[in-house]
Structure formats: C-alpha cells, structure tokens
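These numbers come from a predicted model, not from an experiment. Here is the naming used below: chain letters follow the sequence lines, and residue numbers restart at 1 for every chain.
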Protein chains: 2
Amino acid sequence: MTTNGRRKFRREGEGRRRRDLIEATLDCVAENGIEGATVRAIALRAGVSAGLIRHYFPGKADLLQAAYAAVVKRMTDQAKDALAAREARPAERLAAFVRANLGPPVVDARIFSLWAGFIARAHADTALAAVHREGYLGFRDEVESLVGAVLEEAGRPADTAMLRRHAIAINAIIDGLWIEGCMASSLFGEGELAGIAIASVAAQLGVDLPGRAGSGH
Amino acid sequence: MTTNGRRKFRREGEGRRRRDLIEATLDCVAENGIEGATVRAIALRAGVSAGLIRHYFPGKADLLQAAYAAVVKRMTDQAKDALAAREARPAERLAAFVRANLGPPVVDARIFSLWAGFIARAHADTALAAVHREGYLGFRDEVESLVGAVLEEAGRPADTAMLRRHAIAINAIIDGLWIEGCMASSLFGEGELAGIAIASVAAQLGVDLPGRAGSGH
DNA sequence: CGGCTTGTTATGCAAGCGTATAAATACGGG
DNA sequence: CCCGTATTTATACGCTTGCATAACAAGCCG
C-alpha cells in the first residue's frame, strides 16, 4: 500500500533546519552532558535522520561550535537587553545588568551544562577557545564601562587601573554567583542571588545601588 | 632460566597501583578533556595494560569518581593548610584563606581543566555530583565560620541569615577570580588576584583585612 | 504533467570504546 | 626449590561512534 497520502518527510529551509539541529544539540548536552550529544541522539531529537547533520555541518565539531556560539550569544543578548531599556541613572543600569545576569533566563542548569562542557573542551580546542574568549572579553568591557559611569556619577572618577580592578572583581562576583545558582538553584530563593550580588557590588564600589534586598525601606 | 633475565612486569602494592592509575587519569583528563580519559589511554600513561584497571576498580566510572575525589581533596587540603598555621587574629586567617585559594598551587590551568571536565559531567552523573557537593559545602562552611569570627572580632556579630549571605558572596568572589586566573593567568600579575579578592572581601564585610595590595605601607 | 534539482533517508564501514575472560608471569611461603 | 596464588597481560567480543555513500522522494519549473 502506498501508505495513503502521507509524506515521509518534509523539506525545510536551511535556516530552519540549522536552528532545529542546534536546539536539539543544546537539549542533548543539557540532558546527558556533552558526551550524550551524539549525532544520532541529536538527529532523533530534531526529528531528522542522522545523515542530515552532515548536510548542514561539515562535521560534528562544527555543530558543537555553532551550538556554543548560540549559547554565548543568548547570554550576552540577555545582558544587552537589560541595558537597552536604558534607565536614567548609571547606578540603575548597573543594577539592571547584574540582575539580568543572575535571573531566570541566564541562571539555568541547561546553559551551565553547556558552558561547563565547552569550557572543559576549550582547553584542547582552539576554535572553541576563541568563541569563548570573544564573549568573555565583551562581557568584561561592558562591566568596566558601567562601573566607570557609576563612579563618575558619584563624583569619584576612577583611574584606569582602579577601574580594571573593579571590573575584574565584579565580573568574578557575577560569574561565581551564576555558577552557584546554576548548580544548586534550589538552595536560593527567587531574586536572592541578584540581591546578594547587588549588595556586594554596592559595597565594593562604595555607592548605593537601587534594588537592594532588605534595604530597610 | 626464564628466557633471559629481564622481567616482563613488576608487581606493585594495591595502594601504589591505585594511586598511579588515579594520577594517570588526571593527566589524561587535564590534557584531552574527560573524553580523552579512555581506559587504554589511562593504562598507557600509567605504564600498565588496560585490563589492570578493572582489577583495581569495578569499572571506569569508579576510577573517574576516585580521581575527582582526589582533585577535590587536593584543593580543599591546600586551603586547610593555610588555616593550620593559625594566625592570631581572625582577619589574618580569612586573608590567608583567600590568598591560599588564589595563589599558584590552586590557581592552575591543569586543576581548572580537571574541575571543568568533571563539573560538566556531574550534571548527568549522580556519583560525581555527590563528590562535588560534599567538597563544595565543606568549603562554604569554612568561609562562613571564618567570616563569623572576623565580624565577631570587629564587634559586629551577624545573624545567621546575614552570615550566610556573606559566605555566599565571598565564595562567589573566590570562585570567580579563581576561574579567571586559571583561564587567563597571563592577564594578571603575581598576587594581583589575591589582592583584588581581599580588597573586595574587606569592602563587603566593612572591615580592614591585612595584606591588601597598595596599602601604602 | 514529467523531468531535475537537492533536501533527506537508509545503509554500511572502520575505528574506538568499555568490558569480559583466559593465559602468562612474578614472587612469597612451605 | 618449587608450588600456589594473586597480579598482570593478552586477546576477543559486542556495542557505539562519526563519517561516507548511494538510493530515494519532495517540490519547483518549464
């Protein structure tokens, strides 16, 4: 029988298929670690056959790299969105930035699993290392610029060396809290991480930041 | 006369063999990621045949777990050593603790590579996750106890909730700086990370800590 | 409506994986 | 001195992996 009129597969545009494969890759990595992201598992989740992957990507490594780039982009975009709705005061911008990086969309076990998997691999894979370095430095520059604006507003302009030290420390706070939140999200209440981070950054810079939890208002 | 006098292998005690196999595993993980730690590669580096692994470990998973436990122990031991030579003042102890975790033996690309490799897998491997959780909570408890002593000395005893928040933040600072230092050690001068961390912790707690860089001595 | 392009599947292959099993060897105790 | 036993090696098996290739079919264009 000709299995009635049902088609066996549908053709899709290149953009759609690439996006689906990347998303399926992220799902697989998040679920079973980077070693669980085999071409067969990815294809199964994407609803296509395994061979199709090599029709859109030269090899599995390229798919993984594209997937990691997508994660980096998603995270930095999230942070930039928080800045797009630019509040009037620099202090508010900095607080919003910190909050965006420690909130639900970024603090996510799935993203962390990807990050850890790729970070571990970046030591032996120069291409992945480049992707990482790019997103990382962009993030730190953003922090440095925000801190500079905040200190200037407070009438305490900082020299470049001090600005750098502040950016490094604040970046570390955000990174560290992000990791803790991703690995043990159940241990922290909603917004608790962001509150801790903002309080810590405020103390670090010696300024008052809006949105501090328990500010005794 | 056994052909010629040369022995084909030597018998070693169980302790020695297990230690060698664990060390070989760490070498493999650090060099090529956790996926590069195959039983054959590990055995080759340890100078034994592949089959011997299963004579000392029920399976490869057990070897990996033992190897990760060794890494965690090594890191926490390093920090505890800094506390063993207990200085008089709590502030000095806290500073020494921070400095120990951001100095040469702990800030190391190889250890980071190991950490990242295992962390990535811990999401899908409950045994590894348990090993991690154990070492992690021990570290945080240490920080909390140190912070409590420092605040008490300063005449500003903190309630448990505040203590917890401080411990979380300081832990994050150390973690974040540790990662930055491991991944891009060339970007930081000697002792710079420790200096940034101590300054940040001092600001966070509102106390003066010894060993601050640029303290105008 | 029939051929053409090309997205898509199906199948196969060589390599590498972890593991199981039996043979070989070192080395201490009778 | 030689035997017994635990350690170590050697070999093989079944499975999965990433990748290559050929058959297939969906949708467009004349």
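- Summarising the geometry of A/Ala169 relative to A/Gln204, their closest heavy-atom pair is CB-NE2, 3.7 Å, with the distance given to 0.1 Å.
- Side-chain atoms of A/Arg40 come within donor-acceptor range of the base of D/dG18, with a qualifying N/O pair under 3.5 Å.
- Note: CD1 (A/Ile34) to C1' (D/dG18) measures 15 Å, nearest angstrom.
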Exercise for review: Applying side chain to side chain contact (heavy atoms under 4.5 Å, CB included), run through B/Glu12 and B/Val48 and close with a yes or a no.
Suggested key: CA-CA 11 Å; B/Glu12 298 284 359; B/Val48 298; over 6 Å; no
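- B/Asn101 places none of its side-chain heavy atoms less than 4.5 Å from the side chain of B/Trp178.
- Atom P of nucleotide D/dG27 and atom CZ of A/Phe9 are separated by 8 Å, given to the nearest angstrom.
- Rounded to whole Å, the distance from CG on B/Leu63 to P on C/dT19 is 10 Å.
- Counting to the nearest Å, the P atom of C/dT6 and the CZ atom of A/Arg16 are 22 Å from each other.
- Put simply, B/Arg11 has no side-chain N or O that comes within less than 4.0 Å of OP1 or OP2 on C/dG28.
- The side-chain hydrogen bond (donor to acceptor under 3.5 Å, both in side chains) test with A/Asp77 singles out one residue from A/Lys73, A/Lys80, A/Arg74, and that residue is A/Lys73.
- Rounded to an integer number of Å, the gap from CD of A/Glu14 to P of C/dG7 is 8 Å.
- A salt bridge between B/Arg16 and B/Glu23 is absent, with no side-chain N of the basic residue lying under 4.0 Å from a carboxylate O of the acidic one.
- Contact check of residues 42-60 of chain B against DNA chain D (heavy atom, cut-off under 4.0 Å) returns B/Val48, B/Ser49, B/Gly51, B/Leu52, B/His55, B/Tyr56.
- Looking only at distances, no side-chain donor or acceptor of B/Asp108 sits under 3.5 Å from a matching main-chain atom of B/Pro105.
- Taking all atoms of both residues into account, the shortest heavy-atom contact from A/Glu92 to A/Pro210 is CG-CG, 3.5 Å.
- For the pair B/Arg18 (side chain) and B/Tyr56 (backbone), a donor-acceptor distance under 3.5 Å is present.
- Using a 30° and 60° split on the angle between ring planes, B/Trp115 and A/Trp115 fall in the perpendicular class, above 60°.
- Here B/Arg10 lies in heavy-atom contact (under 4.0 Å) with sugar-phosphate atoms only.
- Distance A/Arg17 CZ to C/dT9 C1': 11 Å, rounded to the nearest Å.
- A/Glu12 comes within 4.0 angstrom of sugar-phosphate atoms only, judged by non-hydrogen atoms across all strands, and of no base.
- For DNA chain D, no neighbouring residue in residues 18-26 of chain A is found when judged by any heavy atom under 4.0 Å.
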